[in-house]
Every structure is written in C-alpha cells, then in structure tokens.
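Report on the following structure.
So you know, we letter chains A, B, ... as the sequences are listed, proteins then strands, and number each from 1. The structure displayed is predicted, hence computed values, not measured ones.
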Amino acid sequence: MKNLAFLLIAVCLTLGVIAATTAYVPRLSLPDEQLLGLTINAAAGMEDRDDGRRVAIITDETKITPEVLATLREAGVQRVRVKEFSFARWSHWWLMLIAVGGLTVGAVVVRTSTRREIETAMAEDGEKDSLNPVAMMEMIRETIHSLDASLPTMADDESRNAAIVEQFGEVQATMVPAFVEARPRLIAKLGLGGFAELMDRFAAMERQVNRAWSAAADGVTEEALICVRAAAPLADEAAAKLGT
Amino acid sequence: MADPNGGYGANTGPVEPALNGARSTGLFQTRYREVTLSAIVFGVIVGAIMNAAITYAGLKIGFTIVGSAIAAVLGFGVLRGLLRRGSILEVNIGQTIASAVNTPNSGVIFTVPVLFLLGYSLGVETADFWLITLACMAGAILGGAFIIPLRKQMIDIDRLRFPSATGVAVILKSPGAGAAKALVLVAGIVLSMLLFAPAGLPALTYAANLDNLDRLVERERITKTDAVRTRIIASWIEQEQAPDWLVERGRALTELNRLRDERSENPKDEILRARVREADARVEALRALEAGLTVPPPPGMEHARPLEATGFNDDMARAAAQAAAGERTWDRLRSTRFGWAADRLPGYKDLQLRLSSEPLGADEVMPPGDESDLSLRVDRARDGNPDLWVTDNQINVGRRIGLPDQIELIFAIAPFALGAGFITGRAGLMVLAGGVLAYFILNPVVYAMGWVPETLRAHEAPDYAFFAFNRPLGIGLLLGGAMMGVLVSLPAIREAIKSVAMAGRTKGGSDELGIKVLVVAVLAALALLFVAADFVGNKPINTVCPLTEVKLVGDDAPGVIHTVSYKGYGLALAGDEALAQWEGFNGEQRDGVLDKMGVRPGWLAGLNPHLRALIIALVGAAWIWFAGIIIAQCTGMTDWSPISGMALLTVVLVMLLAGTGAVLGAVLIGAALCVAITCAADMMADLKTGYLVGSQPKRQQIVELIATGAGPLICMMTLLLIVSVNMKSVGIPIGPGTETVAPQAQALQAVITGVQGGEMPYALYGFGALLGALLGMGAFAGLGVLVGLSIYLPFYYIATYGIGCVINIAVTKVKGRRWSEEWGVPFAAGLIVGEAILALLINVTVLLRG
C-alpha cells in the first residue's frame, strides 16, 4: 500500500510540474479576446530560410494584436509563451488538479501506513528488538555508567583515555546512529513534542560523550573524566523521558 | 556508579570541584584549550585570505568554495603542527572563526556587483558603499542570531546530516581516531586532488608559444580568431610598429586616465572637468572611426578572416602607444592581458576524447558560412571537428552514448560532490530523483509537446527550460516544502526555543546564547537595516534626468541637481528649468515620466518614506529568518544551498514593495539577506561540527557572531580593488569584457530587468510552492525542499552527487553501516577537503598573478 502511495506521489508530482509548465503557454485556438493585448515572451513560430537560418515569425516583447494573431495562426503555430498568467487561458489546469488530489491522497496514505507499520513493529517486536530504541538507550546508559565507575580503578591516565576513546567511540559509531534511526518509532510513541523533549536531553548527553572522546583523544584526561561524569545523569534523564 | 568522593587515583584531581568547573560558561577555558588567542588570530588571518581569494574566484566562475574544511586542515598544520598545542576543540574554534570571516563573501558577490552592471558607481568615498557594507554586516549578524534558537531543532532533534560539517568533524577527530583512519582521510585528500587537478589547473594560463597556436586551435583551447590576433600582434612586435589608429587610441586613453587622476585630486576644478570631457569625447570619436576598420591576417594566414579593429582591447592600445613612444619594449606586448592567446596547464580537455564522426544529414540545412560537413548532433561548435565529450570539468555521458539531444546526462568532475553525496547517503537519492524528473522527464516532454520556441534546436532546449521552467518551479517547491517543514516541525521548534529560554534562566547559565542576547542582536541588526533602507530609499533612482536627458553623474553632471519625491521614488532633475517643468506637470504627465523610465510604483508607494523603510526592514528581516531556515535545511540535508535563488526572490520582494525603480534598495536588502542566509547556514554547519566534537555551542556562537562582521568588509574591499583594476585595464568595472564576469550578478541583473519588464513567472513559483507543500505532507517534511533543490540546480552536479549517494548505499549493503561510517566517511571527507584546498591554491595563484 505504502509503495503504491509513493508511486502515486511520484506520478502526481510529474503531472503537476508538467501542468505548471503550460501556465504561460496558452493555445492560439483560444478566443481572440483572451489573447489580444498579451505580451509574447519568447520567439514564436519559425520559418526555415533557404540559407539554412531558422527565423522566428514573431519575436519576443511583441504585443499580440489581431494582425500578429492572424500571422501566427496562418503559420500553424499552436502555442505562444506570454508574460501574463490567467486561469482562463491555462490549458492544463485539470492536470494540476489531478496532481494536487493525487499528492494529497498519497500523503495521507503514506502517513497512515507509516504509523500503522510502526505500531505493528512495536507491538510485534516489543522490548527484544535489537533496534528497539529503549534497548539501545539502555545500552548507552549502561556504557556511560560502567565507564564512569571503572575509570577510578584504572592505573593511569593513558589507560583511562584509551578506555574512553574506545568505549565512547563505540557509542558514537553504532549506538547513537541506531537510536537516532528509530526516530519514526519514537515520534509515534511520544508525539513530536515528547520526542523533542527526549532529544533535548539525549543530545546534551551525546555532546558530553563527544567532548569526553575529544578530550581523551587530546590526552586531557581531567576534562574527559568530567564529561563522563556529566554525561551519566543526562543519560538517566533521557532514559526517563523515554519511559524506562 | 563512580566513587561519590570522586577519587581517581594519583594522576588526577578530585572530581566534584572539577565538575563545577565544567559547568562554567566563560568564553575562555583553561583546562581544555578551546577559545584561545592563537585560535582567534589563526581564524581571522585564514578567514581573511580565503575571503579575498574566494571573492575573486566567485566573481570569475560564479560559485564559491566552502572554507570550513580548508580551515580545519590548515588548523591542524598551524595550531597542532607549528604551535604544537592545539586541541581538537581549539582547531574547531579556529575553523569556526575562519569560515565566519570567509562565508559572507558569497552573499556579497552574488548581489552587489549587479549595481556595477547597472551603471551605479561605488567607492570608499561614497555613502552607498558604506551603507551596503553596513547592511551586509547587519545581515551577517541577523543570519547568525536568527538561526541560533533553531540549533536544537535542526541538530539535536531533526539530526540533519550537514555532510561537509560532518566531514570537518571527521577531519578534526582524525588524529585521535587512530593512524589508519587518518591515512584514509589523507588518501581521500590525495585522490581528490589528483582527480580535480586536471579540472582546476587549466585555470592557470600563460602566453602561448607561436608554434603551438595551431595545436591549441585544434584542441579547442583557443579560437581561430585568437590565433589570428596573436599572429598579428607577433608581426607588430617583429616590425616594432603597430597601426596608427591603435597607437592613437592608446595615447588618447593614456591622456584620459591622466586627466581623470588629476581630477580625482581636484574634483571641483571646472577646467579639469571640461578637459576630461574633451578627452573622453576624443576616445569615443576614435572608437567610432575604428568601427569599420579591419586588420588583414598576417602572412601565412591569408585564408583567415580579417580581424575587426575593435578586437584589440584598450590595454593593448595603451601598451602599443607606450611601445611606439619608446616607454616599453615591443616584446612586452606578448601578454595575455593584451589579447595574446593563452595556453593553459594540461587538463581533461587535452585527452581529446571526441564523439564519433557523423556526416551532415540530408535534412540538416546549415546557415551560410558554415564550413563543417558534420552533423549538428556531433559538431555543435561547427568547427569541422566532432565535439569533445570530456571537457576540463564535465563528462557528457549523454552525448557519448547517443541520448537524444534534449536530454542532458552530464557529470561534473567534482570530487567534493562525490564526497558530499557519500556522506548524505540514502536521503540524497531524493535529490537525484528530482534531477531525473526535471532533466529526463519534464524537459523532453516540454520539448516534444512544442512548449518551447520552435526556433530552438533540441540541444538548446535544456538551457531554455532551466531558466523558463525548472528554476522558478524549483524555487517554488523549495519555498512550499520549507513552509510545510516549519509547520510540521512547530512542536519541535517550540520545545527547542522553550528549552533555550529555560536554560538561560537556570543558575550558572546555559550552553547556548540566551534569548535576550539574541533579541538584542536582532534588534541592533534590524536598526542597521532600517537606517540603510531609509537612506537608500530616499535617494533618487535615476542617473539621467528624465526630462532633459542630461547625465547626472560623471563628467557631464550639471552643477545644480534638484530631487523631487513622487509615488515613493526620489527623482533627480537637472537644473532649475527641469524642476519648473516638473512642477508644472499634472499627475498623468508625471506618471508618463515614470512610464518612460520603465518603473512602476510599489505596494508601499503611498506611505511615509520612513514608515516604508521600516516596513521593508521588518519584512526583509522576517524573510531573512525564513530564507535562513530554508538554506540551513538544504545545507543540512544535502550540502547544497540555493543562495542565488533566495537572493533573486528577495530582490523581487523588495521591488514589489518599494517599486520596480528601487534597484539600489532592493540590491541592498538582497545583499543583506544573501549574507544573512549564508551566515545562517554556516553557523548551523559549524555548530553541527562542534556538536560532533563536543564543543560548547555558546562559545562557538559568540566567536562566530563577533567574527562574521569582518567578512562583508573584507569582501567589499576586495570587490572595490577588483573594480578599480578592471577600470584601469579595460574601462569596465565588472562583468562581460573583464576577467571577472560575475555570472550570478548577471543572472540577478536579468531578473531585475525582467521584473521591470513584467516578466516574473509568479504562477510557476506559486504552483511549485503548492506541490512542494503537498510533498512535505507525505513521507517527511523535507521532501519538497530536496526535490525543489534538485530541480533548481544544474544537473551535472546532482549527477555526480548522486553517484556518491549510490556508492554509500552499495558500500553499506556490502560492508555494513559501521564500516561505511568508520572508513567511508573519512575518505569522503578527504574528497571534499582535497578539492577545496586545491581550488583555493589555484585561485590564490591566479589572484596573485593577475
């Protein structure tokens, strides 16, 4: 269903842009009163001269007069590009209408299907899903807390720095991206406002993790330790927002 | 949990006191180097150099280079390599300042040069110059201040990717990430430079060897006319003699320059002014005499067409006059500045990969003088040789595989686009899809249905469609998509701003600049914008008296000029008689004068001028906020930013409000906006980098807001320098006929004259916006922005960018996501930075040599 909706969106977008391109290109078969006085905005018609040159019958910036109109029609010109727009002259308004309708239907179907998919996934997989954001959050929290607890027991700053770079490197490379990928599920669960509150805390924690990594990589252990310590309560707050 | 007492062993101090220190929000932190004097000095110097070099490059080629990645690499070299004390965060602050000083240049060069193209003159002695500079500085601060409250929404909540910013973070982290990853990054940089070198190096030119001319013509490096001109100059050098008319023009020009210099020292000397006018008239008379003259080709080239005398530029005329007077040797005429053919460093074009030969078809009738017997499909240049399908910077796969001419499949040779595409990943495919829609479906359909002029050949259709349909539709889609994005994200934006405001009230301060500081910055910038708009809005819009046709500026300017106000415009009139005539006019006659000038009153024409300026400043500021969001979203999702499109809309908006004659005001606000949105995007990108390395946002925000004001000043000064050099050498400030053709400013000029001629396709923007908004309702809010962006951009960059996205998807599928992030992203970051560094080096070289 969702794939069909995406197809519908793609087709309707195509129809929409095609329809739009005809907005300034009225048919010359329209009644004279709809065309007279308009300003031609691109060369109209063409005659091939014997010497091989292609010459426009009417050049741009020409006002459409009865004579101009007659000349163009006589030459078999179907459409001209003009500067002015009017719904009455727009030949493909109906195509735009179809496109708008299709895009609206497609959008509604995509949104409904996505919500349903997420609900189903959440109901089926529950807490055991490896990509479950709750489980991922718990892993991040545990990593931070266990690192915070183990750092005092390490022999020297070099090993502390190495531990931070290694373990927080893992958090940055795998856990955070996996948690962030669960965004649609989190929004479905918490609503956009709740998701924003969660990410506010999560991002504060992540920044401390990132800063700890940078400081450890630079060999500034004191700063790194402070950031690890600062990240721990933020991880708790983020987990609380997630409802764990 | 850790020991509550915080004991960490002998090598560290207690934790709790240090933790308190971690909450300190001071700008300078001593424990872990972040904002330091060396980072500030480094950032300002590197930013200023990049600004000047990229300003010059942007005026030549039409687009600018992102400076953050270059500054990050240089930061390592200087702060960590030379000074041996830089930390990751310190280098990050250095690159933040450098990009803040550099970034405003794209906003300036896309807009301000249009004033020169339209005949305005700007100089350090004019108030307009300083007003525009002030407006741009205000724009830089506004852009940053407006976007800061959205940091949480875009980076923390929406998690926009910001490919280049992610790349910069990878560069910053590379030493700590291990030697292997640093090597991967370096490999990316080296490969990028190798790939880009044959695309960029041909920008470095030198005087061609006479023996090579035929080979250069054959390789399409120079035209036949260039070769003939060069041989003619060579014959003059050999004979130590140039035609009298050229020497005469050179003498007249030298005299004119001398008198102008004298006049600039004594501007009120009426006798001098009269002599300047006489000298000017003499130059014009000589030019008129030359109009019909031709120079026969030199011996050995009798088959070539004679060259028109006007084909020898003023620099050559002056040099010939000096040589004839014995003031310089004849050999000095051998310079590309004087029209001698230029040879270039080798590039992809020299591979000479040409399409297969195809004879002229029976149905192909070519105009007289066409000497080629090849089909137009393979020889569009009509030089008798099949066209190249690989040029210095593009690969035309479509022509190579024989796609119909109305379908373009061209890839830019741009490693940075490849890298940005890789870092963007799957989301970038939407950009590719939009490009395919525009260039593979829309354009061929429009051509097949006959909705383009019949006189167009098939291969001309894509270019026509780009300006007539794609661009307005693309910008419309962007606007609609962004509007829907803002609507859908309102709850998140509300939470983000609430969080910033609440954090500002907590003890110890916040990690962000508080809302109060931002409000003050916005109000100050708004006041500057108002002052600039008010001053410019009350200035006369004309440089020629509409009643007497007398020039009001320059050598012919009359002594008495009156300014009258009518329908929101200031009109300058030459002398008392013109004023009396104007005062005797009725409303209809006055309207007739405006009509004759080709200007229409704006929507706010009936308002008090100060109120009008206030409304324009407010609307401009609101538009800056919205456009800033669009640009930041585009940059965040794809790395591309439609700055010129936004500038175009700003100028149109101001012209609608203030009237189509208010060009100076429109460009002023347009420049401020352009600078603002580029700074907004740069601020957000720098904050993203900072986020990834753990920098405190507040520190970055403060240094960026302070440093960014210097950017417009440096860029405007560089622009003036370029204009003054151009004026001395070719007598044209900027644009066609000079080295700095200012392509974006020319596009803006076309829009301004288009608006004045009633040529804006508002309906296309509107329908595009409708489609963009509906797209944003579906899968995700940014879809309209992505598709709009890709319809708006030239396809060749999209195509290369798309390859990067596809490679990412393939690598992720084969090696897994982690591998792709750990090894692919550093390599992609290298691709981005390698091209940027080489491009900057090339441009600095060209600037120094020029």
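- Side-chain contact between A:M199 and B:Q153 is absent, with no heavy-atom pair separated by less than 4.5 Å.
- Electrostatic pairing of A:E206 and B:R159 counts as a salt bridge here, judged by a charged N lying under 4.0 Å from a carboxylate O.
- Neither the backbone nor the side chain of A:E84 comes within less than 4.5 Å of any heavy atom in chain B.
- For a residue to count as touching a neighbouring chain, one of its non-hydrogen atoms must lie under 4.5 Å from one of that chain's; by this rule B:L437 touches chain A with the side chain only.
- Side-chain contact between B:E454 and A:E47: absent, with no pair of heavy atoms (C-beta onward) separated by less than 4.5 Å.
- Two rings, from A:Y24 and B:W451, have their centers 6.0 Å or more apart.
- In this structure, chain B has a heavy atom under 4.5 Å from the backbone of A:V55, while its side chain stays farther away.
- For chain B, the nearby part of A:V176 is the side chain; its heavy atoms alone come within less than 4.5 Å.
- Looking only at side-chain heavy atoms (C-beta outward), A:T21 and B:L473 come within less than 4.5 Å of each other.
- Side chains of A:E222 and B:Y32: no donor on one and acceptor on the other come within 3.5 Å.
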**Report entry** Steps toward side-chain contact (heavy atoms from CB on, under 4.5 Å) verdict (A:W213, B:V693)
**Finding:** CA-CA 8 Å; A:W213 189 97; B:V693 297; over 6 Å; no
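- B:L770 touches chain A through its side chain: at least one heavy atom from C-beta onward sits under 4.5 Å away, while N, CA, C and O do not.
- Salt-bridge check for B:R33 with A:E223: failed, with every basic side-chain N at 4.0 Å or more from each acidic carboxylate O.
- Heavy-atom pairs under 4.5 Å with chain A peak, among B:D158, B:N470, B:V787, at B:D158.
- Proximity of A:P177 to B:R817: side-chain heavy atoms (C-beta onward) are separated by under 4.5 Å at one or more points.
- Of the inter-residue distances, the one linking A:L198 atom CG with B:I157 atom CD1 reads 9.5 Å to the nearest 0.5 angstrom.
- Of the two parts of A:V17, the backbone and the side chain both hold a non-hydrogen atom closer than 4.5 Å to a non-hydrogen atom of chain B.
- In this structure, the portions of B:A468 lying under 4.5 Å from any heavy atom of chain A include both its backbone and its side chain.
- A:V100 touches chain B through backbone and side chain together, each having a heavy atom under 4.5 Å away.
- Within the 4.5 Å cutoff, no side-chain heavy atoms of A:R81 are placed close to those of B:V452.
- Only the side chain of A:Q172 comes within less than 4.5 Å of a heavy atom in chain B; its backbone stays farther off.
- Of the inter-residue distances, the one linking B:M449 atom CE with A:I18 atom CD1 reads 8.5 Å to the nearest 0.5 angstrom.
- A:E170 is listed as a side-chain neighbour of B:R818, based on a closest heavy-atom distance under 4.5 Å.
- Only the backbone of B:L456 comes within less than 4.5 Å of a heavy atom in chain A; its side chain stays farther off.
- Interface remark: A:T14 contributes backbone and side-chain atoms alike to the contact with chain B (heavy atom separation under 4.5 Å).
- Contact of A:A23 with chain B is made through the side chain alone, with heavy-atom distances under 4.5 Å.
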